[in-house]
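The structure under discussion appears below in the form of structure tokens.
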Amino acid sequence: MNGVEKILIDEQTLNEKVKELAQRITEDYKGKPLLIVGILKGSVPFMADLLRLIKLEDLSIDFMSVSSYNGGTVSSGRIRIIKDLDVDINGKNVLIVEDIVDTGFTLSKLKDMLMIRNPKSLKICTILNKPSRRTTPIDVDYIGFDVPDEFIIGYGLDYDEKYRNLPYVGILKREIYEK
Ligand code: IMP
Ligand code: MG
């Protein structure tokens, strides 16, 4: 596949992990209402897969879009709300779904912002985690896979808005972002 240096996590391995996370979430929220908040756009494939495996009766979804990236590979240092939630999260159990926690900056800012709105609980679920790059400490409640310090694409993750549609997670070829 052009653009991909190496496949890190194949489709089947992703499916198994998503199933495992969905089971944990189902257990943890049994009998409770849950609002899942997907962070656009990277969380879309993961969220769609996860949702359908969570066996809860009172489950609703919403989306937010924030940005800290400008089409490059380095965080710009602040976040901007591009699209806010449609619903009020006051008194709700909220689970944020993300594609990757890298420096932790985005999620820690987002968490602070959402905590002011008084949710009953606020947890975080990410399919990928890059612990070696963490600069802002953040508690992540559900983690799919730890990945190395490489530029990752696929399963929602992009480089310059491309590759989100890859059904697996791979490492981007260096020549693409160094050119
Ligand atoms: P953080 O604020 O550094 O944790 O970065 C969070 C956001 O940066 C993620 O939600 C991704 O959209 C993006 N990001 C971080 N690392 C990568 C990567 O390796 N590939 C693609 N996007 C990434
Ligand atoms: Mg993202």
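Both ligands and their constituent atoms are indexed starting at 1 by order of listing.
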Option among Ile25, Asp28, Asp58 that satisfies the side chain to side chain contact (heavy atoms under 4.5 Å, CB included) test with Leu34: Ile25
By number and element, which atoms of ligand 1 are closer than 4.0 Å to a non-hydrogen atom of Gly104? 1 (P), 3 (O), 4 (O)
Could you check whether any heavy atom of Asp158 sits closer than 4.0 Å to an atom of ligand 1, since that is the contact criterion I want to use? yes
So, do Ile152 and Asp102 sit near enough that their side-chain heavy atoms are less than 4.5 Å apart? no
Leu157, portion touching ligand 1 at heavy-atom distance under 4.0 Å: side chain
May I ask you to test the Leu8-Phe145 pair for a side-chain heavy-atom distance under 4.5 Å? no
Find all atoms of ligand 1 within a distance of less than 4.0 Å from any non-hydrogen atom belonging to Thr106, and give their numbers and elements. 1 (P), 2 (O), 5 (O), 6 (C)
Using a 4.0 Å heavy-atom cut-off, say whether Glu150 meets ligand 1 through its side chain, its backbone, both or neither. backbone
Any non-hydrogen side-chain atom of Ile171 less than 4.5 Å from a side-chain atom of Val147? no
Side-chain ion pair, Arg24 and Glu27, N-O less than 4.0 Å: no
Does this structure show an ion pair linking Asp62 with Lys92, if we count only N-O contacts that are shorter than 4.0 Å? no
List ligand 1 atoms under 4.0 Å from Glu98, heavy atoms only on the residue side. 10 (O)
With heavy-atom distances below 4.0 Å as the criterion, list the atoms of ligand 1 near Lys130. 16 (N), 17 (C), 18 (C), 19 (O)
Are any of the heavy atoms in Gly42 under 4.0 Å away from ligand 1? no
